[in-house]
Student: 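Got a structure for you, written out below as structure tokens; questions coming shortly.
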Amino acid sequence: MMREILASVSIFDIVFVAIAGFTLLCALAMILFNNIVHSMVAMIFCFLGIAGVYFTMDAGFIGMVQIMVYAGAISVILIFAFMVLMSRDPARSNRYSPRKGSILAGFFASGIIAAMLGYAIIATEFPVSGLPDAEVNQMEVIADLMLGSYVIPFEAAAILLLVAVIGAILLAKGVEKDR
Amino acid sequence: MIGFQHYLLLAALLFGIGLLGIVFKRNAVALLMSVELILNAVNINLVAINKYVLGGSGLGQLFALFVIVVAAAEVAVGLALIINIYRLKKSSDVDDFNILKW
Amino acid sequence: MADILNYIWLIPVLPFLAFAAAGTVFIGKPATAAAVSIFAIAISFIISIITAVLVFTSAPGFIYESSLRWLDMPGLRVEMGLLIDPLSALMLLVVTTVALLVQIYSLGYMRDDPGFARYFAYQSVFAGSMLGLVLANNFGQIYVFWELVGLCSYLLIGFWYHKDSAKNAAIKAFITNRIGDFGFLLGILLLLITFGTLSFSQLPNQIGQYSNAAMLLVIGLLLFLGPMGKSAQFPLHVWLPDAMEGPTPVSALIHAATMVAAGVYLIARAFFIFSESAQVMSVIAYVGGFTALFAATIAITQNDIKRILAFSTLSQLGYMVMAMGIGAMTAGMFHLTTHAFFKALLFLGAGSVIHALHDEQDIWKMGNLSGKMPVTTVTFIIGALALAGIPPLAGFWSKDEILSGAFAGSHTILYLLGVFVAFLTAFYMFRLIFVAFFGSNHGGLHAHESPAPMTIPLIILSVFAIGAGLVNTGLTDFAFSRYITVSGLEHHEPVSAVMIISSLVAAAGIFLAWLIYQKQIISAEAIKTKFIPIYNLLQNKYYIDEIYAWAGKNLVLGSSRLFEWLDLKVVNGIVDGLAGFARWSGSKLRLLQNGQIQTYTVYIYVGLIVLLLAAICMSVNAWLI
């Protein structure tokens with residue numbers, strides 16, 4: 001039986017398993033490290049791994065966006081935040097919560113949720129349709145949608161970003177003490 | 001051999017790890033990082049659906065794009081809030097953010 | 001003569017109008033008030049006589065009914081009407097006769113009383129109510145007038161309202177009556193619910209076809225509570241002796257002849273209901289018999305002339321009710337009629353004595369009145385003989401009908417009881433006569449004969465006391481029984497043995513009284529001291545009043561304590577408990593909110609788990625693995 005499995009394994013599968021495993025490893029590392037800087041580095045690698053997963057799915061555009069936005073911008077923001085707040089003692093700044101009850105509860109809860117999701121995924125018959133043509137230009141398709149039928153959510157997202165930026169600036173500025 | 005369900009499984013596992021991170025860690029920024037992980041898991045889901053169920057119509061990728069936009073905005077605002085609370089409490093430990101208790 | 005039927009409605013209405021006039025316009029003019037009142041009752045009397053002649057010269061079974069729809073709602077129809085049949089015609093005669101004579105008598109008795117006009121107004125309203133009761137053609141109307149009569153009794157007993165004893169007696173009468181009326185009302189309502197009608201002409205048919213014996217038993221018992229109250233049967237008898245606080249003519253009219261007879265009349269009217277249930281009839285018979293014995297035993301020890309007569313009334317009412325209970329409706333009504341006449345006579349005679357001795361009522365302070373008050377003495381003796389049942393006076397015939405009925409119907413206990421009570425009756429009446437009218441003058445009071453308005457009614461009534469019994473003898477072909485009867489009721493010919501025994505027994509009673517009180521051969525004092533516990537028991541009316549007072553007080557106190565405990569502990573406990581529970585649960589639940597967002601996050605996870613579980617369980621695909 002192993003021979004049949006080995007025979008049907010393709011390069012694609014091996015690549016996928018490698019990238020997925022790497023991502024998972026980095027995610028675990030992210031939450032297990034006690035040093036927040038280590039944690040953040042693990043996060044960046046995790047995002048890169050996810051970008052790789054996107055590439056295996058022929059979603060090149062999203063993969064590039066993932067690298068640029070997540071691994072680029074968001075990680076940088078987080079590192080900046082850390083620098084503002086916790087530069088005193090980075091080595092132990094990301095410890096886990098000491099309350100035993102909450103650890104156990106958290107483990108159980110998330111474990112159960114993940115298990116249920118997994119069970120649901122395995123047990124369901126998905127209406128999988130035929131694979132698409134890889135030659136299609138992803139960007140054209142997305143651009144057609146974004147500026148065509150879905151222009152309103154696009155504009156709304158733009159406004160959202162604007163509001164978020166302004167809001168973040170205002171919030172971070174803080175309240176004037178002598179008002 | 002790798003099919004739709006494997007992508008979903010990967011997403012589910014990442015989702016679970018993100019959930020664990022939220023309750024497991026004391027640092028406020030670590031919390032935000034875990035939330036980002038969850039959002040990414042969702043994105044994997046969406047793109048996988050786009051490829052396998054929608055037949056590459058690009059809708060899934062568009063949705064994932066919007067999720068990324070929202071995630072970015074949320075990180076920005078969240079960090080601004082954390083900075084504010086840090087100014088008040090002089091600590092970034094979520095255990096100390098307990099003013100709203102009985 | 002049949003045209004008189006168109007004027008029947010005047011019979012009760014005229015006295016009511018007289019009440020309205022005497023009570024308002026003529027309240028300051030006593031003479032005019034009395035004149036109006038007597039005039040009204042006299043007219044009613046004349047109309048009643050004409051009606052009675054009409055009824056009793058027609059064939060037996062004459063019925064005239066006229067009714068007016070007073071209230072007509074879906075589910076409730078109330079009628080006001082008049083019913084003339086031999087029974088009501090008889091009662092009309094009795095009531096109007098006695099009422100007229102009493103009002104004439106009152107001219108003399110109440111002459112010096114400041115409330116003269118008010119008195120006649122009350123007399124009129126009582127007469128009107130009683131006549132309305134007698135003429136009623138349905139239970140609802142009877143109940144209305146029943147209550148009115150009770151009210152008038154209250155007004156008249158408490159006539160001298162500045163006397164505390166009179167006030168209390170009036171209240172006692174009203175309340176005891178109310179207890180009986182409550183049961184009566186429940187019975188009427190049950191009748192209404194079960195049969196939908198209260199009319200005396202429609203109910204008999206429906207009752208005949210009705211088969212639920214338990215319901216008839218309940219209705220019968222409840223309806224009997226009314227007569228128990230109004231006719232003072234045990235245990236609701238306590239008001240009648242105290243009712244003697246009212247003026248003596250009132251006692252004569254209301255508590256001898258008419259109002260207390262209303263209960264017996266009701267039993268006769270509702271006989272078709274009672275006779276359907278053998279248990280109810282037994283209850284009625286034994287209650288009546290017991291009351292008769294009970295009252296007679298008390299009467300032999302009483303010293304107030306009116307009290308003796310009151311207990312005598314109680315005893316005779318017991319006889320009447322007992323007669324009804326053994327099925328001898330005719331005998332009961334016959335005794336009611338004769339009793340009305342001779343008891344009214346006795347009361348008016350007693351009033352004459354009291355008035356002459358300036359309100360002295362203790363017989364031991366009287367004595368040797370026969371010389372000074374001849375008319376009163378003679379009429380009083382005639383009344384006493386009638387009551388004792390000496391032939392050929394009226395009481396003999398009616399009492400014998402009852403005893404014959406008991407004997408022939410094999411009610412041995414009741415028969416023996418009746419005979420014993422007859423003995424006691426003769427004894428205590430002649431004890432009264434020998435002590436008060438003969439013998440030496442114990443109290444040293446001076447007496448003189450009463451004026452004409454008082455003696456003439458006495459004479460008239462004594463004529464009735466002698467002759468009224470003859471309507472039901474062989475001389476008139478048992479006319480009474482032919483008219484006043486219930487279908488299916490056998491008429492018992494008086495049994496000779498019974499007649500002889502009862503006469504002997506009465507004579508023996510008189511003889512014993514003569515021996516003890518007149519000749520004083522047997523000493524009353526010796527007997528009294530020998531049987532002092534029994535004497536005390538009887539003298540104090542078996543302590544019934546004291547028992548009621550003690551029970552009432554303790555019941556009320558006990559139940560109020562119970563309710564207080566309920567209110568404080570249970571009700572307050574529940575309310576406070578709820579509040580305390582809310583507070584306690586709040587104090588426990590608030591610990592969930594400890595301010596840690598990670599705890600809240602776990603709560604969210606739990607909710608998510610529940611939702612996922614639900615989703616997995618509900619989806620069919622998940623089970624196809």
Side-chain angles (χ1 to χ4, degrees), chain A residues 8-9 12-13 16 20 24 27-28 30-31 36 39 43 50 53-54 57-59 61-62 65 69 74 77-78 81-82 84-86 93-97 102 106-107 110 113-114 117-118 121-122 126-130 132 136 141-142 145-146 150 153 157 160-161 164-165 167-168 171-172 174, chain B residues 1-10 12-17 19-21 23-27 29-30 32-34 36-37 40 43-44 47-48 50-59 61-62 64-66 68-73 75-77 79-84 86-87 92 95:
Chain A
S8 67
V9 166
F12 174 77
D13 300 337
F16 171 78
L24 282 172
L28 274 174
M30 183 182 99
I31 67 168
I36 193 147
S39 213
M43 186 178 77
I50 293 179
V53 170
Y54 286 148
M57 282 198 276
D58 294 325
F61 178 65
I62 290 295
V65 170
V69 173
I74 292 186
I77 285 187
L78 287 171
F82 154 69
V84 168
L85 302 178
M86 304 153 211
S93 54
N94 198 14
R95 278 181 296 177
Y96 51 83
S97 162
S102 76
F107 261 107
S110 359
I113 291 178
L117 283 174
I121 291 169
I122 294 174
F126 289 105
V128 178
S129 71
V136 169
V141 172
I142 293 177
L145 283 175
M146 195 191 297
Y150 294 94
L160 173 74
L161 273 176
V165 165
L171 279 174
Chain B
M1 195 179 86
I2 293 294
F4 181 48
Q5 287 172 327
H6 299 88
Y7 286 103
L8 293 186
L9 273 177
L10 172 65
L13 281 171
L14 281 176
F15 187 78
I17 293 175
L19 286 183
L20 190 58
V23 296
F24 201 52
K25 289 294 186 179
R26 271 202 292 185
N27 199 320
V29 177
L32 272 178
M33 286 157 57
S34 305
E36 289 307 308
L37 192 53
N40 273 293
N43 272 349
I44 294 179
V47 177
N50 174 59
K51 176 175 179 189
Y52 286 96
V53 176
L54 295 180
S57 74
L59 211 51
Q61 290 192 25
L62 188 62
L65 200 60
F66 286 135
I68 292 178
V69 165
V70 171
V75 163
V77 176
L79 281 175
L81 283 174
I82 290 177
I83 290 176
N84 257 329
Y86 179 80
R87 287 203 193 119
S92 62
D95 284 349

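In the text below, chain A, chain B and the rest are named by the order of the sequence lines, each starting its count at 1. These numbers were taken from a predicted model, which means no experiment stands behind them.
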Student: Please report the shortest heavy-atom distance between A:A81 and B:L79, naming the atom on each side.
Tutor: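 The pair with the smallest heavy-atom distance is CB-CD2, 3.4 Å.
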
Student: Between atom CD1 of A:I74 and atom CD of B:E36, what is the distance when rounded to the nearest 0.5 Å?
Tutor: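 Reported to 0.5 Å precision, the distance equals 4.5 Å.
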
Student: About how many Å separate CG of B:L10 and CG of A:L24, when rounded to the nearest 0.5 Å?
Tutor: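 If I round to the nearest 0.5 Å, the distance is 5.5 Å.
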
Student: So for A:M43, is it side chain, backbone, both, or neither that comes closer than 4.5 Å to the heavy atoms of chain B?
Tutor: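 Side chain of A:M43 only, per the 4.5 Å heavy-atom cut-off to chain B.
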
Student: Mind checking whether A:I50 and B:L14 have side chains closer than 4.5 Å, heavy atoms only?
Tutor: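 Yes - at least one pair of side-chain heavy atoms lies under 4.5 Å apart.
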
Student: Looking only at non-hydrogen atoms, find the nearest pair between B:V23 and A:G106 and report the distance.
Tutor: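 The pair with the smallest heavy-atom distance is CG2-CA, 3.4 Å.
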
Student: Where does A:F107 contact chain B at under 4.5 Å (heavy atoms): side chain, backbone, both or neither?
Tutor: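 A:F107 touches chain B through backbone and side-chain heavy atoms alike.
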
Student: Shortest non-hydrogen contact from A:Y54 to B:I44?
Tutor: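 Closest heavy-atom pair between A:Y54 and B:I44: OH-N, 3.6 Å.
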
Student: A:I113 versus chain B, heavy atoms under 4.5 Å apart: side chain, backbone, both or neither?
Tutor: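 Interface part for A:I113: side chain.
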
Student: Enter the distance from A:L145:CG to B:Q61:CD here, rounded to the nearest 0.5 Å.
Tutor: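 Atom-to-atom, A:L145:CG and B:Q61:CD are 9.5 Å apart.
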
Student: Which pair of heavy atoms, one from B:L37 and one from A:M30, lies closest together, and at what distance?
Tutor: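 Answer, listing the atom of B:L37 first, then A:M30: CD2-CE, 3.9 Å.
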
Student: Determine the option with the most heavy-atom pairs under 4.5 angstrom with chain B, choosing from A:A157, A:P127, A:A168.
Tutor: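 Heavy-atom pair counts peak at A:A168.
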
Student: Measure the shortest side-chain to side-chain distance between A:V84 and B:Y86 over non-hydrogen atoms and say whether it is less than 4.5 angstrom.
Tutor: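 A side-chain contact is absent here, since even the closest heavy-atom pair is not under 4.5 Å.
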
Student: Give the member of B:G58, B:G3, B:G16 that has the highest number of heavy-atom pairs under 4.5 Å with chain A.
Tutor: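 Answer, by heavy-atom pair count under 4.5 Å with chain A: B:G58.
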
Student: For residues A:I31 and B:F24, report the shortest heavy-atom separation together with the two atoms involved.
Tutor: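 What the structure gives for the nearest pair is O-CD2, 4.0 Å.
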
Student: Roughly how far apart are A:S110 OG and B:L19 CG, rounded to 0.5 Å?
Tutor: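 Here the rounded value is 5.5 Å.
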
Student: Relative to chain B, which of A:L117, A:V69, A:L78 shows the most heavy atom pairs under 4.5 Å?
Tutor: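 Counting heavy-atom pairs under 4.5 Å, the top option is A:L78.
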
Student: Under the 3.5 angstrom rule, does the side chain of A:D58 hit a backbone N or O of B:K51 as a donor-acceptor pair?
Tutor: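 Not a single qualifying donor-acceptor pair exists.
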
Student: Check whether more than 12 heavy atoms from other residues, nucleotides or ligands sit under 6.0 Å from atom CZ of A:F16, and answer yes or no.
Tutor: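 Check passes, neighbour count above 12.
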
Student: With respect to chain A, which residue among B:L62, B:L8, B:V47, B:N40 yields the maximal number of heavy-atom pairs within a distance under 4.5 Å?
Tutor: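 If we count pairs closer than 4.5 Å to chain A, B:N40 comes out on top.
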
Student: So do B:L65 and A:M146 actually touch side chain to side chain, heavy atoms under 4.5 Å?
Tutor: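 A side-chain contact exists here, since the closest heavy-atom pair is under 4.5 Å.
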
Student: If you count heavy-atom pairs under 4.5 Å with chain B, which of A:G118, A:P153, A:G167 comes out on top?
Tutor: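 Maximum pair count with chain B is reached by A:P153.
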
Student: Highest number of heavy-atom pairs under 4.5 Å with chain A: which of B:V75, B:I83, B:N43, B:V69?
Tutor: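 Counting heavy-atom pairs under 4.5 Å, the top option is B:N43.
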
Student: If I measure from the heavy atoms of chain A, does B:V77 come under 4.5 Å with its side chain, its backbone, both, or neither?
Tutor: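 When you check distances to chain A, atoms from both the backbone and side chain of B:V77 fall under 4.5 Å.
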
Student: With rounding to the nearest 0.5 angstrom, report the CD1 to CZ distance, A:I121 to B:F4.
Tutor: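 One finds 8.5 Å between CD1 of A:I121 and CZ of B:F4.
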
Student: Can you name the closest pair of heavy atoms from B:Q5 and A:I122 and give their distance?
Tutor: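 In terms of heavy atoms, the two residues are closest at NE2-O, 3.7 Å.
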
Student: State, with a plain yes or no, whether a side-chain heavy atom of A:F82 is found less than 4.5 Å away from one of B:N27.
Tutor: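 No, side chains not in contact.
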
